[in-house]
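One structure is given here, and the rest of the page talks about it.
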Amino acid sequence: MKHYHLCYGVLLVLLVFSFQKAFSQRGNLSLGLVPTYKTDGYGIQLNANHYNSATDYMQVSLVASFSTEKPNSGVEFPYEDYLFNLGYFTTILSSPKRGIFFYFGGGPSLGYKYINNGETDFAFDAIQAESSFIFGAYASFEMDFFISDAFSLIVPINGYYHFNSGLNDSTLLLGAGLRYYLK
């Protein structure tokens, strides 16, 4: 009788390991959520990645950032950036056994800059800026540290340049968040 229990136990262990191996494969799609920091503000980034191969992927991201502009020490006003980005990323350094990957990429960036709650009258004459649609490009350096088969910690450094922005045409966002890999 003990022999049958031992055989069933070994069979169960082999079955569990084979299911774990089969279901732990990463898929072609991942979703990420990253809180970000910028000068005098904060933001959030949502992204979806489609992996073309083990070394490159396409990314679609939505970014919302909130900040204040201080043209002089006595005055400040809020502004918000809402961005849609399309990018291509490639691996620049990886250590698969340790679960560490570094990616570099970028692409076009489109969005809307909402300045001073939509008001164009400022209490000073130091700046002339209106809310408007903006376009430009972005570049990003992402560090990816695997926590498990389904989750990883991502640390992106994103730089944006918007050609027609009336206020802060270049922006740097630093963040750390989680990425979930769909199976």
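Here the structure is a predicted model, which means the values were calculated and not measured.
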Just so I know, are the side chains of Lys38 and Thr171 near enough to count as touching, which here means a heavy-atom distance under 4.5 Å? yes
Say whether, by atom type as modelled, one donor and one acceptor occur between the side chain of Thr91 and the main chain of Thr55 under 3.5 angstrom. yes
Honestly curious: do Leu174 and Phe145 fall in one hydrophobic cluster under the side-chain, below-4.5 Å linking rule? yes
Would a hydrophobic clustering, with Ile, Leu, Val, Met, Phe, Trp and Tyr connected at side-chain separations under 4.5 Å, put Leu153 with Ile157? yes
Test ring-ring contact (aromatic ring centres under 6.0 Å, His included) on Tyr37 and Tyr42; report intermediate values, then the result. CA-CA 4 Å; Tyr37 167 78; Tyr42 61 93; 9.7 Å; no
Separation of Thr36 OG1 from Leu173 CG (nearest 0.5 Å): 4.5 Å
Which heavy atom of Ala176 sits nearest a heavy atom of Pro35, and at what distance? O-CD, 3.2 Å
Given 3.5 Å as the limit, does a donor-acceptor pair link the side chain of Asp56 with the main chain of Phe89, or not? no
Going by heavy atoms in the side chains, are His162 and Ser109 under 4.5 Å from each other? yes
Partner set under side chain to side chain contact (heavy atoms under 4.5 Å, CB included) for Tyr51, not counting sequence neighbours: Ser30, Asn49, Tyr57, Arg179, Tyr181
May I ask you to check whether Phe104 and Phe141 place their ring centres under 6.0 Å from each other? no
Fit a plane to each ring of Phe163 and Tyr161, take the angle between them on a 0 to 90° scale, and name the class: parallel (under 30°), tilted (30 to 60°) or perpendicular (over 60°). perpendicular
Validation row: Tyr180, Leu178 side chains within 4.5 angstrom (heavy atoms): no
Could you tell me whether Phe101 and Phe146 have their ring centroids closer than 6.0 angstrom? yes
Member of Phe135, Tyr82, Phe133, Tyr79 meeting the ring-ring contact (aromatic ring centres under 6.0 Å, His included) criterion with Tyr112: Phe133
Side chain to side chain contact (heavy atoms under 4.5 Å, CB included) partners of Leu62, counting only residues at least two apart: Phe84
Let me see the working for Gln45 and Asn47 under side-chain contact (heavy atoms from CB on, under 4.5 Å), right down to the final yes or no. CA-CA 6 Å; Gln45 176 181 352; Asn47 57 44; 3.5 Å; yes
Could you go step by step and tell me if Tyr160 and Leu83 meet the side-chain contact (heavy atoms from CB on, under 4.5 Å) rule? CA-CA 10 Å; Tyr160 296 90; Leu83 306 172; 3.8 Å; yes
Minimum side-chain heavy-atom gap Leu110-Pro108 below 4.5 Å: no
Any idea which heavy atoms bring Leu31 and Ala48 closest together, and the distance? CD2-CB, 3.8 Å
Going by atom types alone, do Asp40 and Ser67 pair a side-chain donor with an acceptor below 3.5 Å? no
Do the non-hydrogen side-chain atoms of Val34 and Ile154 ever get within less than 4.5 Å of each other? yes
Please step through side-chain contact (heavy atoms from CB on, under 4.5 Å) for the pair Leu33 and Ile44, ending with a clear verdict. CA-CA 7 Å; Leu33 176 65; Ile44 190 152; 3.5 Å; yes
Is the shortest side-chain heavy-atom distance between His50 and Asn28 below 4.5 Å? yes
Residue list, side chain to side chain contact (heavy atoms under 4.5 Å, CB included) with Ala54, at least two apart or on another chain: none
Can you find a heavy atom in the side chain of Asn85 that is under 4.5 Å from one in the side chain of Val63? yes
Report yes if the side chains of Val155 and Asp144 come closer than 4.5 Å at any heavy-atom pair, otherwise no. no
Between the CD atom in Glu142 and the OH atom in Tyr103, the distance rounded to the nearest 0.5 Å is 8.5 Å
Hphob cluster co-occupancy, Ile92 + Tyr88, side-chain heavy atoms under 4.5 angstrom: no
Would you give the length of the straight line joining atom OG of Ser132 to atom CG of Asn164, rounded to the nearest 0.5 angstrom? 5.5 Å
